[in-house]
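Every value quoted in this text rests on a predicted model; they were computed, and no experiment measured them. In the text below, chain A, chain B and the rest are named by the order of the sequence lines, each starting its count at 1. Atoms considered below: every heavy atom in the structure, side chains included; atoms not considered: hydrogens, waters and symmetry mates.
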There are 2 protein chains.
Amino acid sequence: MDRQGSNHALIFFNQVVDLCYDGGSMYDGVNRYDGVSMRVDVMDDSEFRDIRKLEILAQMTDENFRKLTRRAYVQNFPVRVELITEGEPSDFLHIVLSGSVDLFSAWNGREASLATVRPISTLVLAATIRDAPYLMSARTLEKSRIALIPSKDVRTVFDADNAFARAIVAELAQCYRSVVKNIKELKLRTSLERLANYLLRQQGRAGGEAVFDLDFEKRRLASVLGMTPEHLSRAFKGLQPHGVTVNGTRITIDNRSALEKFARPNPLIDDFSS
Amino acid sequence: MDRQGSNHALIFFNQVVDLCYDGGSMYDGVNRYDGVSMRVDVMDDSEFRDIRKLEILAQMTDENFRKLTRRAYVQNFPVRVELITEGEPSDFLHIVLSGSVDLFSAWNGREASLATVRPISTLVLAATIRDAPYLMSARTLEKSRIALIPSKDVRTVFDADNAFARAIVAELAQCYRSVVKNIKELKLRTSLERLANYLLRQQGRAGGEAVFDLDFEKRRLASVLGMTPEHLSRAFKGLQPHGVTVNGTRITIDNRSALEKFARPNPLIDDFSS
DNA sequence: CGTAACCTTGAGGGCCGTCAAAAAATGTGG
DNA sequence: CCACATTTTTTGACGGCCCTCAAGGTTACG
């Protein structure tokens with residue numbers, strides 16, 4: 001295992017040159033951001049273990065795992081770096097190891113957040129599998145550590161390793177279902193109802209406490225929920241009669257049953273697990 | 001091949017008893033609909049060939065195909081029959097052989113169309129794979145012929161047949177991407193823009209003719225596009241300045257380039273193929 | 001401590017939904 | 001094929017939801 005790690009180290013640094021300092025490379029735009037340099041690292045043992053824990057990688061053979069990670073590398077990105085851009089070919093499968101990433105899309109001068117990706121999971125799996133252009137762009141929401149696996153290697157191993165292929169099906173089916181829930185929410189609920197249900201879900205994730213913090217800025221929350229920041233601000237006021245108090249990013253749910261009565265949460269829209 | 005067909009015939013009729021006339025079966029409610037009886041048929045040779053053509057079934061071994069279709073059967077449904085109901089366990093993988101099916105969802109007294117399924121493709125693949133409850137309901141839009149494969153058999157063969165598993169990944173990735181496009185459309189476009197782009201797509205499907213017919217009723221189109229029928233009626237008027245004339249279900253696009261200028265179609269939202 | 005984000009608040013207006021009723025289209029039984 | 005009932009579509013009036021623009025307040029960060 002140690003030797004693998006060392007082998008990779010060399011290859012990773014080759015990749016650094018290719019990917020970060022070459023003129024025409026995918027990531028050459030990164031250095032725009034305040035002159036912050038991206039640290040590119042070997043994928044060390046603990047990271048190997050982290051990645052291996054990913055559901056889609058856990059069951060595959062060691063040999064195929066090695067094939068998959070041979071040309072892979074890990075990189076640290078500062079906040080607000082655009083990792084991928086919609087419309088471009090999907091050169092890499094990205095795996096978020098730490099931090100968080102915003103998936104968004106733009107059209108005709110407008111922009112909308114579509115999802116947030118947290119560790120440890122993948123970006124743009126579907127695009128990689130279909131060898132199709134990205135449908136969404138991605139940018140870091142905070143300092144993030146991200147593994148990049150060449151899409152071609154993913155497809156090669158996908159064709160060779162049945163456990164990997166099956167794991168990907170499960171992951172994709174999960175992703176599909178979560179997007180369907182998103183559409184249902186957009187088409188069936190008003191913005192006030194979406195906010196109310198979001199707060200209920202968030203409270204659940206925060207351990208059910210009556211007081212908890214929003215886990216990202218309101219401007220983004222507005223976009224995720226499909227509304228403007230101004231409207232979100234008013235929507236919070238609109239939930240006061242239903243037992244919600246807001247102070248900065250701190251939310252207090254004084255009366256959960258009242259909020260539930262208004263929000264009418266539904267497992268077929270709000271459950272993340274199934 | 002003939003012998004296969006005959007063997008299945010007997011099994012199908014056993015299934016008929018189990019599924020259509022038993023008190024507690026999934027489909028016993030079907031006969032509610034105006035006393036119309038569902039015709040349940042053997043899956044004859046031509047239908048075998050049709051199903052086999054389905055991308056997700058084309059590559060699998062004959063033996064696994066037999067396993068998959070052993071307990072499967074084919075049924076004719078009249079218009080407006082609810083085939084599946086959201087929240088119920090996914091007992092069958094449905095394959096639309098002819099006709100068309102509306103996928104929709106309801107919450108809190110509201111209802112929205114989410115997609116239309118046309119031959120030859122599957123419903124609820126993700127639910128079947130994950131052995132999870134349906135997220136959407138489905139009803140026939142017209143007289144339809146539908147094959148039903150027990151979900152358990154799908155999962156069994158999925159575990160045994162690698163070609164099948166891979167084909168399902170491709171199909172799921174495709175479905176995922178199409179749902180993402182749907183979300184982008186909802187979040188980034190106004191209803192007028194959604195209608196304009198829908199007309200451009202529809203014109204393409206109709207062979208590019210300047211005059212073509214809508215392929216389903218306006219009430220449903222409104223729901224698919226995320227608006228009310230009344231608003232759709234006004235939206236059509238709103239597109240007149242952009243070169244669109246409407247007469248009943250007949251659409252005339254007098255000035256495609258003007259419409260495109262307004263609609264700004266984008267392959268990352270409007271392309272169905274990629 | 002100052003700059004630059006972000007958040008809030010107000011005013012105004014456009015988009016879009018609801019309700020109601022008339023017109024048109026569709027389906028049904030004789 | 002016609003007459004009738006039903007459903008769909010259209011139109012009008014109205015109101016609420018939600019966006020835009022602008023300004024002031026707050027927070028975060030160098």
Side-chain angles (χ1 to χ4, degrees), chain A residues 33-36 78-80 102 107-113 139 141-143 185-196 213-242 244-251 262, chain B residues 33-36 78-80 102 107-113 139 141-143 185-196 213-242 244-251 262:
Chain A
Y33 294 87
D34 312 310
V36 179
V79 70
R80 260 185 296 274
D102 180 34
W107 177 82
N108 207 13
R110 294 163 224 167
E111 184 182 307
S113 279
R139 74 163 75 89
L141 285 169
E142 50 192 315
K143 212 165 152 305
E185 177 145 56
L186 284 172
K187 281 199 159 180
L188 292 169
R189 288 175 173 162
T190 67
S191 64
L192 207 60
E193 289 163 345
R194 294 198 292 275
L195 175 60
D213 284 313
L214 294 175
D215 60 351
F216 40 62
E217 61 183 6
K218 292 182 181 171
R219 153 186 290 278
R220 262 203 82 237
L221 176 57
S223 188
V224 167
L225 294 177
M227 56 213 243
T228 58
E230 296 96 323
H231 189 67
L232 174 64
S233 189
R234 288 165 185 131
F236 273 122
K237 294 248 155 69
L239 287 182
Q240 265 176 17
H242 300 107
V244 176
T245 326
V246 183
N247 197 312
T249 62
R250 175 139 301 177
I251 309 295
F262 170 75
Chain B
Y33 293 87
D34 311 310
V36 180
V79 70
R80 261 185 293 275
D102 180 33
W107 177 81
N108 207 16
R110 293 163 225 166
E111 186 183 306
S113 279
R139 74 163 77 89
L141 285 168
E142 50 191 315
K143 212 165 153 301
E185 177 144 57
L186 284 172
K187 280 198 160 179
L188 292 169
R189 287 175 173 164
T190 67
S191 63
L192 206 60
E193 289 163 344
R194 294 199 292 274
L195 176 59
D213 285 313
L214 295 174
D215 61 349
F216 40 63
E217 61 183 8
K218 291 181 180 172
R219 153 185 291 278
R220 262 204 80 238
L221 177 57
S223 188
V224 167
L225 295 176
M227 56 210 247
T228 58
E230 296 94 324
H231 190 67
L232 174 64
S233 188
R234 287 166 184 128
F236 274 122
K237 294 249 156 70
L239 288 183
Q240 265 176 18
H242 302 290
V244 176
T245 328
V246 182
N247 196 311
T249 61
R250 175 140 300 176
I251 309 293
F262 171 75

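Computed from coordinates, the B:Arg220 CZ to C:dT26 C1' distance equals 18 Å when rounded to whole Å. One can place CZ of B:Arg250 at 13 Å from P of C:dA25, the figure rounded to the nearest angstrom. Counting to the nearest Å, the P atom of D:dC18 and the CG atom of B:Leu188 are 17 Å from each other. B:Leu232 has its CG atom 12 Å from the C1' atom of D:dT8, to the nearest Å. When the P atom of D:dT10 is taken as reference, atom CG of B:Leu221 falls 11 Å away, rounded to whole Å. Between the C1' atom of C:dC6 and the NE2 atom of A:His231 lies a distance of 19 Å, rounded to the nearest Å. Between the P atom of D:dC18 and the CE atom of B:Met227 lies a distance of 17 Å, rounded to the nearest Å. Here the P atom of nucleotide C:dC7 and the CG atom of A:Asp213 are 14 Å apart, to the nearest Å.
A donor-acceptor pair under 3.5 Å is formed between the side chain of B:Arg194 and the backbone N or O of B:Arg189. Under the 3.5 Å distance criterion, the side-chain polar atoms of B:Ser223 are matched with a main-chain donor or acceptor of B:Ser113.
Two residues are said to be in side-chain contact when any heavy atoms from C-beta on lie closer than 4.5 Å; B:Val246 and B:Lys218 meet this criterion. Using a 4.5 Å heavy-atom cutoff, the side chains of B:Thr245 and B:Gln240 are not in contact.
Within the 4.0 angstrom heavy-atom criterion, no nucleotide atom of any strand lies near A:Gly238.
The B:Thr228 side chain lies nearest to C:dT18 when the options are D:dT9, C:dT18, D:dC19. For A:Arg219, the listed nucleotide lying nearest its side chain is C:dC6; candidates were D:dT9, C:dC16, C:dC6. Listed nucleotides D:dT9, C:dC16, D:dC19 differ in distance to B:Glu217; the shortest reach to its side chain belongs to D:dT9.
The CZ atom of A:Arg139 sits 8.0 Å away from the CG atom of A:Leu141 when rounded to the nearest 0.5 Å.
Distances shown here put every side-chain N or O of B:Lys218 at or beyond 4.0 Å from the OP1 or OP2 atom of C:dA25. Residue A:Ser191 places at least one side-chain N or O under 4.0 Å from the OP1 or OP2 atom of D:dC18.
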Kindly give the atom pairs (protein nitrogen or oxygen, nucleotide nitrogen or oxygen) under 3.5 Å for nucleotides 21-30 of chain D.
| from | atom 1 | to | atom 2 | distance (Å) |
| --- | --- | --- | --- | --- |
| D:dC21 | N4 | A:Glu230 | OE2 | 3.2 |

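The nearest heavy atom of DNA chain D to A:Leu192 and to B:Phe216 marks one nucleotide each, and the one closer to the 5' end goes with B:Phe216.
Taking A:His231 as the reference, nothing meets the ring-ring contact (aromatic ring centres under 6.0 Å, His included) condition, with sequence neighbours excluded. With sequence neighbours excluded, the residues satisfying side chain to side chain contact (heavy atoms under 4.5 Å, CB included) with B:Arg110 are A:Leu188, A:Thr190, A:Glu193, B:Trp107, B:Asn108.
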